[in-house]
2 protein chains.
Amino acid sequence: MYICLMYSNELIKGTLKTIVLSLLAKKGRMYGYEITQHVKEETDGKIQLTEGALYPLLHRLEAEGLLETEKENIGKRVRKYYRLTETGNDQATSLAAEFHEFSQTMNRLLNNFSLKPSYNV
Amino acid sequence: MYICLMYSNELIKGTLKTIVLSLLAKKGRMYGYEITQHVKEETDGKIQLTEGALYPLLHRLEAEGLLETEKENIGKRVRKYYRLTETGNDQATSLAAEFHEFSQTMNRLLNNFSLKPSYNV
DNA sequence: CAAATATACATTAGATTCTTATGCATCCAA
DNA sequence: TTGGATGCATAAGAATCTAATGTATATTTG
């Protein structure tokens with residue numbers, strides 16, 4: 001996977017966990033590759049996760065008890081599906097809320113961009 | 001300076017440069033300690049910069065030519081004021097815009113929170 | 001049908017950035 | 001006079017990401 005982010009990529013740091021957990025909260029269960037593709041499509045390629053960041057994270061989250069896995073055979077290949085545990089679901093909710101709060105705080109700090117029409121989608 | 005962030009602090013990662021440059025763009029010139037206090041006050045303590053993160057960053061940005069410094073004597077103490085260079089000013093603008101774009105993209109991804117009234121300021 | 005691309009997992013070296021702690025010094029208020 | 005605020009700085013270690021590499025199967029395309 002060759003990555004060319006539109007963002008200077010610094011911003012993604014620290015939000016990866018939030019993205020993954022929120023996505024799983026929405027979708028129920030997903031496998032790694034599916035997550036990368038979904039994020040890419042939903043953000044028009046603006047956010048692209050690298051495998052080197054994603055897989056270790058998924059393993060960490062599973063070790064922490066936030067995720068559960070089940071393997072599924074697709075032909076001769078194995079897919080590893082992840083789903084949220086109850087704890088994981090709580091985390092997903094609070095991280096998403098936290099990000100939202102944070103982005104509000106940041107936008108206020110960065111000159112109240114949210115009040116400038118030209119910056120709204 | 002003892003720090004107790006309300007955020008799990010992960011989110012701040014990657015946004016520090018954006019914060020510092022944007023603040024300098026708004027204020028003209030500031031010194032390190034002033035930046036930490038200003039951010040703390042403007043965000044009601046929600047974002048608190050640590051010196052260990054801030055000072056090395058300021059030095060890096062100066063080395064990169066984004067900031068200029070001038071020292072000022074306050075009694076027997078020395079204050080180090082930072083201001084944006086032209087390049088720094090450009091960077092400030094684009095990083096702020098980038099963050100805004102990024103937060104929009106994120107909020108869309110995290111379930112379109114911006115559409116939920118309860119999440120609006 | 002061969003080659004390229006997509007799917008799907010994983011690991012790792014190195015870089016970057018942040019936390020936490022420490023250190024030095026001055027100033028001011030209790 | 002002592003503690004807290006002001007003001008700079010560095011440094012060890014942790015955490016996380018990038019970029020590269022590796023393995024293997026499936027599918028598309030020339």
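In what follows, every chain begins at residue 1, and chains take the letters A, B, ... in the order their sequences are listed.
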Task: Proximity to DNA chain C (any heavy atom under 4.0 Å), residues of residues 14-21 of chain B only - done: B:Gly14, B:Leu16

Open item on the list: Does C:dT17 have its OP1 or OP2 closer than 4.0 Å to a side-chain nitrogen or oxygen of B:Arg60?
Closed with: yes

Using atom names, set out every protein N or O paired with an N or O of nucleotides 5-7 of chain C below 3.5 Å, distance rounded to 0.1 Å.
residue, atom, partner, partner atom, Å
C:dT7, OP2, A:Tyr33, OH, 2.2
C:dT7, O5', A:Tyr33, OH, 3.0
C:dT7, O2, A:Arg77, NH1, 2.1

Task: B:Tyr55 side chain near D:dC8 phosphate (N/O to OP1/OP2, under 4.0 Å) - done: yes

TODO: For B:Glu34 and for A:Leu57, locate the closest nucleotide of DNA chain D by heavy-atom distance; then report the residue assigned to the nucleotide nearer the 5' terminus.
DONE: B:Glu34

TODO: Determine the contact category for B:Gly32: base if any of its heavy atoms lies under 4.0 Å from a base atom, sugar-phosphate if only primed atoms, P, OP1 or OP2 are that close, otherwise nothing.
DONE: sugar-phosphate

- [ ] Take the protein atom CZ of B:Arg29 and the nucleotide atom P of D:dG7, then report the distance between them rounded to whole Å.
- [x] 12 Å

Open item on the list: Expected output is a numbered-order residue list: members of residues 62-76 of chain B with a heavy atom under 4.0 Å from any atom of DNA chain D. What is it?
Closed with: none

Task: Partner of B:Glu72 by side chain to side chain donor-acceptor pair (under 3.5 Å), out of B:Arg29, B:Arg77, B:Lys80 - done: B:Arg29

- [ ] Figure out the CG/C1' separation between B:Leu54 and D:dA11, and round it to whole Å.
- [x] 16 Å

TODO: Look up atom CD1 in A:Ile12 and atom NZ in A:Lys46, then write down how far apart they are to the nearest 0.5 Å.
DONE: 12.0 Å

- [ ] Give me the bend of the helix from C:dC1-D:dG30 to C:dA30-D:dT1, using the axes of the five pairs at each end, rounded to 10°.
- [x] 20°

Open item on the list: If I take atom CG from residue B:Leu61 and atom CG from residue B:Leu67, how far apart are they, to the nearest 0.5 angstrom?
Closed with: 5.0 Å

Task: Nearest-0.5 Å distance, CD of residue B:Glu42 to NZ of residue B:Lys26 - done: 4.5 Å

- [ ] Let me know the distance between CG of A:Leu11 and P of D:dT16, rounded to the nearest Å.
- [x] 17 Å

Task: Distance in angstrom units between B:His38 NE2 and D:dT6 C1', rounded - done: 18 Å

Task: Counterpart residues, side chain to side chain donor-acceptor pair (under 3.5 Å), relative to A:Tyr31 (two or more places apart) - done: A:Arg79

- [ ] Could you please name the option among D:dA15, D:dG7, D:dC17 that lies closest to any side-chain atom of B:Lys13?
- [x] D:dA15

TODO: Could I get the full list of side chain to side chain donor-acceptor pair (under 3.5 Å) partners for A:Thr69, not counting sequence neighbours?
DONE: A:Glu62

Open item on the list: Quick check on D:dC17: is either OP1 or OP2 less than 4.0 Å from any side-chain nitrogen or oxygen of A:Thr50?
Closed with: no

- [ ] Check whether any side-chain N or O of A:Ser94 sits under 3.5 Å from a backbone N or O of A:Gln91 as a donor-acceptor pair, and report yes or no.
- [x] yes

- [ ] For A:Ser103 and A:His100, indicate whether the former's side chain and the latter's backbone hold a donor-acceptor pair under 3.5 Å.
- [x] yes

TODO: Could you tell me whether the phosphate oxygens of D:dT10, OP1 or OP2, come under 4.0 Å of any side-chain nitrogen or oxygen in B:His59?
DONE: yes

Task: Atom pair distance, as rounded to whole Å: OH in B:Tyr82 and P in D:dG7 - done: 14 Å

